[in-house]
Amino acid sequence: MRAYDIIAKKRDGGELSREEIEYLIQGFTQGQVPDYQMSAMAMAIFIRGMNARETADLTMAMVHSGETVDLSPIHGIKVDKHSTGGVGDTTTLVLAPLVAAAGAPVAKMSGRGLGHTGGTLDKFEAIPGFRVELTKEQFIHNVNTVKAAVVGQTGNLAPADKKLYALRDVTATVNCIPLIASSIMSKKLAAGADAIVLDVKTGSGAFMKTLDDSFSLARAMVDIGTHVGRHTVAIITDMGQPLGYAIGNALEVREAIDTLQGKGPQDLEQLCLTLGAHMLLLAKVADNWEEGCNKLKELIADGSALEKFKEIVRAQGGDPTVIDRPDYLPGAAHQIEVKAQTAGFVQAIEAETLGVAATILGAGRETKESVVDPAVGIVVRKKTSDRVEAGEVLAVIHANDLEKATAVRQKVQQAYTIGSNQPPKPPLIFGEVSKAGIRRY
């Protein structure tokens with residue numbers, strides 16, 4: 001078997017066998033297939049595509065390129081939640097304690113932010129003392145005793161994916177659904193979950209900008225999960241504007257605390273209830289989605305979800321007093337208001353622009369070496385369809401560097417489009433994909 005022949009086969013529109021895919025990925029991981037040949041293969045896949053079976057085989061080849069995590073010592077059905085990334089995506093901060101309080105184990109391996117999307121680990125680390133580096137034994141112990149733990153991914157999880165992504169990033173082959181789907185699912189499957197709930201974002205702040213592309217990506221990922229015997233459900237959700245109001249690490253922790261008290265933004269709460277109910281259903285803690293949703297609402301109302309957040313924080317070395325006293329979280333030295341220049345209605349908000357603005361302030365990373373400032377970010381005051389008067393505050397910049405804040409102020413202003421007619425509020429959830437098929441709402 002030769003890499004050259006496999007590349008030529010895909011270039012000409014052929015269907016690759018499992019053995020051919022495994023040969024290529026194994027050789028690439030071990031350095032026997034050079035970068036230039038793998039780059040050629042990525043471009044062949046980009047142009048010719050892959051069917052569901054090929055994509056699943058590519059995923060599993062990347063899973064087996066490195067370590068896999070054995071979660072069998074954890075009691076119960078382990079359900080993972082993955083978001084394709086967005087702006088103000090605070091869901092894991094709410095879902096981990098909420099789902100754990102319902103009795104479903106949450107063994108969460110997360111990543112850091114890069115680019116305009118925030119990282120879950122960075123958000124949890126805004127809590128003073130919170131440790132995301134636990135030994136495997138500590139991780140399993142915490143999930144079995146507290147019902148939840150959130151840690152960083154092991155360095156050798158799906159290493160073929162890491163190597164391949166580095167090539168895709170510089171060869172214009174990132175935006176390819178089989179390669180995106182296999183990249184996401186290889187890490188999820190290697191992390192050992194029994195079932196997976198996917199939050200696939202769509203819109204200006206998402207990786208997939210169009211609704212059709214988002215459904216296609218969701219379908220590809222669900223097909224992979226189904227092919228390898230993991231229950232997988234994908235929910236297509238809006239990222240045409242930020243989720244909730246807070247963008248930035250400590251600011252999002254505050255918003256998560258509010259949401260667990262039943263005082264958070266309506267869209268964030270609704271999405272967490274939707275995703276959480278699916279998690280309970282797959283974990284067999286609820287018999288149907290409605291029962292799961294009602295159970296989660298009760299846990300917010302009676303304070304159990306907030307208490308569970310304190311337990312998780314305490315178990316990972318964090319200071320649980322910040323849950324009752326959010327003022328103890330890191331705060332920025334300066335708060336700068338961005339005001340509307342004209343009256344009217346908010347027509348649209350460019351979510352990615354706000355995400356980039358928060359990154360410039362220091363809330364995210366422009367490179368892997370960038371240092372994150374947990375205190376900075378942006379709090380949105382007006383969202384799509386809201387009425388706004390001239391001089392009214394659209395958003396508040398939280399900054400520690402006034403020079404950066406000045407540069408960001410214009411970006412925030414430009415992210416808003418204000419017009420005379422009131423547009424309808426955009427839907428939050430567009431549909432779901434499961435092994436039964438696609439259901440558009």
Side-chain angles (χ1 to χ4, degrees), residues 22 25-26 29 55-84 91-92 95-97 99-100 102-112 119-121 124 131-162 164-165 180-199 220-234 275-276 278-285 312 315-316 434-435:
E22 288 174 351
I25 294 300
Q26 186 177 5
T29 307
T55 307
D57 286 344
L58 174 61
T59 304
M60 292 312 294
M62 292 199 293
V63 167
H64 296 306
S65 68
E67 295 175 9
T68 55
V69 180
D70 178 13
L71 297 182
S72 60
I74 296 174
H75 313 309
I77 298 172
K78 281 73 70 178
V79 181
D80 199 357
K81 187 278 301 181
H82 175 79
S83 167
T84 57
T91 50
T92 298
L95 279 171
V99 172
V106 180
K108 182 78 180 136
M109 292 187 184
S110 293
R112 298 193 179 277
T120 298
L121 298 184
F124 274 100
R131 292 183 296 114
V132 298
E133 304 299 330
L134 301 178
T135 67
K136 182 184 174 183
E137 291 72 25
Q138 288 172 325
F139 179 59
I140 290 169
H141 172 77
N142 281 15
V143 181
N144 277 333
T145 55
V146 184
K147 282 294 182 186
V150 180
V151 296
Q153 291 172 346
T154 171
N156 201 35
L157 210 66
D161 170 62
K162 190 178 292 184
L164 180 56
Y165 190 88
I180 298 167
S182 58
S183 174
I184 292 170
M185 292 298 287
S186 64
K187 293 189 286 285
K188 292 291 105 183
L189 296 170
D194 299 316
I196 303 166
V197 174
L198 299 162
D199 179 7
M221 291 192 289
V222 169
D223 283 346
I224 291 168
T226 302
H227 187 83
V228 301
R230 308 285 178 95
H231 290 296
T232 308
V233 174
L275 297 171
H278 279 288
M279 292 173 75
L280 296 191
L281 187 57
L282 293 185
K284 298 188 177 177
V285 172
I312 295 167
Q316 293 194 222
S434 67
K435 65 180 181 182

Under 3.5 Å, which donor-acceptor pairs do the side chains of residues 225-232 form with other protein atoms, sequence neighbours left out?
{"unit_1": "Thr226", "atom_1": "OG1", "unit_2": "Val222", "atom_2": "O", "d": "2.9"}
{"unit_1": "Arg230", "atom_1": "NH1", "unit_2": "Ala193", "atom_2": "O", "d": "2.6"}
{"unit_1": "Thr232", "atom_1": "OG1", "unit_2": "Arg230", "atom_2": "O", "d": "3.0"}

* Pair Asp223-Thr55, side-chain contact (heavy atoms from CB on, under 4.5 Å): steps then yes or no -> CA-CA 9 Å; Asp223 283 346; Thr55 307; over 6 Å; no

* Grab the two heavy atoms, one from Ala148 and one from Ile312, that are nearest each other, plus how far apart they are. => CB-CD1, 3.6 Å

* Structure fact -> Heavy atoms of Ala107 and Leu71 approach each other most closely as CB-CD1, 4.1 Å

* Asked: Hey, what do you get for NE2 (His278) to CG (Leu95), rounding to the nearest 0.5 Å?
  -> 12.0 Å

* Structure fact -> Smallest heavy-atom separation, Val146 atom then Ala315 atom, equals CG2-CB, 3.8 Å

* Structure fact -> d(Met109 CE, Thr120 OG1) to nearest 0.5 Å is 14.0 Å

* What is the distance from atom OG of Ser182 to atom CG of Asp161, rounded to the nearest 0.5 Å? -> 7.0 Å

* Is any side-chain heavy atom of Leu58 less than 4.5 Å from a side-chain heavy atom of Ile25? -> yes

* Spatial distance of atom CG (Leu280) from atom CD1 (Ile77) [nearest 0.5 Å] -> 11.5 Å

* **Exercise: identify the closest heavy-atom pair between Thr59 and Ser186** => CG2-N, 3.5 Å

* Asked: Do Ser183 and Ile180 come within less than 4.5 Å of each other through their side chains, counting heavy atoms only?
  -> no

* To do: Could you grab the distance from atom CG of Leu275 to atom CG of Leu198, nearest 0.5 Å is fine?
  => 10.0 Å

* Which of these passes side-chain contact (heavy atoms from CB on, under 4.5 Å) with Ile196: Met185, Lys81, Met221? -> Met185

* Structure fact -> Scanning both residues in full, the closest heavy-atom pair of Val69 with Ala191 reads CB-O, 3.7 Å

* What pair of heavy atoms forms the shortest contact from Thr29 to Ala160, and how long is it? -> OG1-CB, 3.4 Å

* Asked: Would you say the side chain of Phe124 lies within less than 4.5 Å of the side chain of Val151, judging by non-hydrogen atoms?
  -> no

* Asked: Do Val132 and Val150 come within less than 4.5 Å of each other through their side chains, counting heavy atoms only?
  -> no

* Interatomic distance, Leu157 atom CG to Met62 atom CE [nearest 0.5 angstrom] -> 11.5 Å

* To do: May I ask you to test the Thr68-Val63 pair for a side-chain heavy-atom distance under 4.5 Å?
  => yes

* Check whether any side-chain N or O of Glu22 sits under 3.5 Å from a backbone N or O of Ala61 as a donor-acceptor pair, and report yes or no. => no

* Asked: So, Lys78 side chain and Gly76 main chain: donor-acceptor pair closer than 3.5 Å or not?
  -> yes

